[in-house]
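First the proteins, then the strands, lettered A, B, ... as listed; each starts at 1.
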Amino acid sequence: MNPIRAIRGTRDILPPSSTVWNQVETVAREVFRRYNYQEIRTPVFEETGLFARGVGAETDIVSKEMYTFEDRDGGSLTLRPENTASVIRAYIEHRLDQQPGLQKLYYMGPMFRRERPQKGRYRQFYQIGAEAIGAGSPAVDAEVIEMVCEILTRCGVEGWKLFVNSVGCPECRPVYVAALRERLAGVAAGMCRDCQRRAETNPLRVLDCKVPEDQPVIDALPSIHDHLCQTCRGHFDSVKTYLADRSLAFEVRPRMVRGLDYYMRTTFEIVHEGALGSQNSVLGGGRYDGLAESLGSRVAAPGIGFSIGEDRLVMTVEETTAAARHTIDVYVAPMGEAAFRHCALVARDLRNAGLVVELAPAGKLKKAMETANKLGARKTLLVGDNEITAGAYTLKDMASGEQTTVDRTGLAEAVRN
RNA sequence: GUGCCUAUAGCUCAGCAGGUAGAGCGCUGGAUUGUGGUUCCAGAUGUCGUGGGUUCAAAUCCCACUAGGCACCCCA
């Protein structure tokens, strides 16, 4: 019988990597706090219809990547492939539109998509995201983008690129797609096989093609920016102005296409070259003013949000910054059973003083010293019968080898130095 | 979902013109019964990813499956 293993596309996050995950989450929470975002926790599974209607039935996510299963009562449930639809569902369900001001919510947790696993792509992956719901103003777009950049910066990540675009709205985008489709009809025959297919199925995807030979053709295709309606154009100009006000470096990518149907107007993405391989997108986001209505809401809920691929962010953090090592402040080494019982109390005091303490089992001192060294303890506390009767302990600095004698009251302070 | 590459000790890998496994690091014990790191000695590493086939004989050749990596698709 073979041992049971983690299933394909899932993985265990072990120390020391789990420490980096915690650091990233701590940074994100602190940035969210400063921007006055509060946490929302939604269920990990929902009625299948939520994603079909919210994300879009024709998207790859819904059409072939969802973990969908039948509940015992016959209903169809799905493990969430993303979280924006759930947040909007909660917003509607709890009438958060009646609350004063913008609803500024953040979340972090696992998402599930049944794709072929690859580096930076897992079937259970983690997203840290935020949604600002209740306003359509471009000022919100700029602040959301600033906030996510702040998270990356404070995680110590450098060298990323911010791309922004406007994908229009239900008024102007269909006009553009029609124009694109018309133009492609004439030139698609000379393009790569994938583009010939995309020209029929999803013309916008042609813009994303990476085949070098196709680039001249793509460059000559009409741009969405020439087809934006008055409202969308004004919105996009404002976003760019507000980003520039903040000195945020960005690049307009008229050809950037996002895979979720609910995006309109502003979309953005941050990529980082390095540890990620071809999955170089660290985060993506955009505005979704029509999403609430498509979920059956009578009230509008214009909003914008993003989600960071936490797995990918952790990868780049691990690549670019030296992991802050978990260190033991003091390794308490009792010699003998009596000393062990005494040391248990000493260890408790030191822990109450906020120190990281490892209490060794009673045993040979040599063995304890070896272990202290392997664990990378900063100090070792030697406690035998001599120390207990004298009421003074021997504290050894592992780096210098220097030993000092300290009494119990001054112990915590001595360990700290 | 498609194509290509890969799978040997806890880790990194060697072994492959077929003859039932090795190195370094790490781990355990000892040299040293109250002192680690360096050194020396000893030891255990393992259904060679899983299952089947060819063969007197398979880690080695063939097939399938599983998992990982890369590219595509797509996305976080």
Side-chain angles (χ1 to χ4, degrees), chain A residues 1-11 14 55 59-65 80-84 108-129 148 192-195 197-198 201-202 204-205 208-211 256-260 263 267 269-272 276-286 305-316 331 333-336 339 360 362-387 393-403:
Chain A
M1 192 169 73
N2 295 322
I4 295 173
R5 298 157 35 100
I7 63 175
R8 185 160 155 87
T10 71
R11 59 189 183 144
L14 307 170
V55 177
T59 60
D60 280 9
I61 291 175
V62 171
S63 64
K64 54 190 192 194
E65 295 173 2
R80 62 184 184 189
E82 58 103 55
N83 207 25
T84 301
M108 46 185 73
M111 308 295 160
F112 306 86
R113 291 182 202 171
R114 201 182 185 293
E115 294 181 273
R116 179 119 169 209
Q118 211 175 44
K119 184 194 280 190
R121 168 184 295 170
Y122 306 96
R123 289 182 172 182
Q124 174 172 335
F125 62 103
Y126 294 79
Q127 289 190 332
I128 298 174
V148 78
C192 71
R193 182 167 300 177
D194 284 332
C195 279
R197 176 178 50 77
R198 294 181 187 120
T201 58
N202 192 347
L204 290 172
R205 283 269 158 237
D208 226 17
C209 177
K210 294 168 192 78
V211 176
M256 185 175 75
V257 177
R258 315 236 80 245
L260 287 72
Y263 284 128
T267 59
E269 177 175 6
I270 288 180
V271 300
H272 187 272
L276 297 180
S278 66
Q279 265 64 50
N280 64 356
S281 172
V282 180
L283 80 264
F306 64 82
S307 62
I308 300 171
E310 190 175 357
D311 305 76
R312 295 177 185 179
L313 177 54
V314 167
M315 267 197 260
T316 63
Y331 189 81
M335 285 164 274
K364 293 182 187 172
L365 182 57
K366 175 183 155 53
K367 172 75 179 159
M369 293 302 298
E370 281 177 358
T371 306
N373 188 58
K374 280 174 194 161
L375 295 179
R378 288 176 45 241
K379 311 255 171 140
T380 301
L381 188 69
L382 287 57
V383 182
D385 296 339
N386 298 347
E387 280 78 3
Y393 310 112
T394 304
L395 185 65
K396 177 162 186 165
D397 184 288
M398 296 302 281
S400 67
E402 192 178 313
Q403 292 191 178

Most 5' of Lys374(A) and Gly9(A) on RNA chain B, judged by nearest nucleotide: Lys374(A)
Whole-Å gap separating C1' (rG37(B)) and CG (Asp397(A)): 13 Å
Distance between C1' atoms of rA7(B) and rC48(B) (Å, rounded): 10 Å
Verdict with reasoning, Thr10(A) to Gln124(A), per side chain to side chain donor-acceptor pair (under 3.5 Å): CA-CA 5 Å; Thr10(A) 71; Gln124(A) 174 172 335; over 6 Å; no
For Ser63(A), side chain to side chain contact (heavy atoms under 4.5 Å, CB included) partners two or more places apart: Asp60(A)
Pair assignment for RNA chain B - dot-bracket with | for other-strand partners, Watson-Crick or G-U under 3.5 Å: (((((((..((((.....[..)))).(((((.......))))).....(((((..]....))))))))))))....
Side-chain touch Arg116(A)/Arg8(A), heavy atoms, less than 4.5 angstrom: yes
Donor-acceptor contact present, side-chain Glu387(A) to main-chain Gly384(A), <3.5 Å: yes
Any Lys367(A) side-chain nitrogen or oxygen under 4.0 Å from OP1 or OP2 of rG34(B): no
Heavy-atom donor-acceptor pair, Arg123(A) side chain to Phe112(A) backbone, under 3.5 Å: no
pair Arg11(A)-Asp311(A): side-chain heavy atoms closer than 4.5 Å: yes
Closest contact, heavy atoms only, Tyr393(A) versus Val383(A): CD2-CG2, 3.8 Å
Sequence-aligned protein contact record of nucleotides 69-76 of chain B, with B where the base is within under 4.0 Å of a protein heavy atom and S where only the sugar-phosphate is: BBBBBBBB
Polar side chain donor-acceptor pair, Glu269(A) to Ser281(A), under 3.5 angstrom: yes
Between rG36(B) (P) and Glu402(A) (CD): distance, integer Å: 17 Å
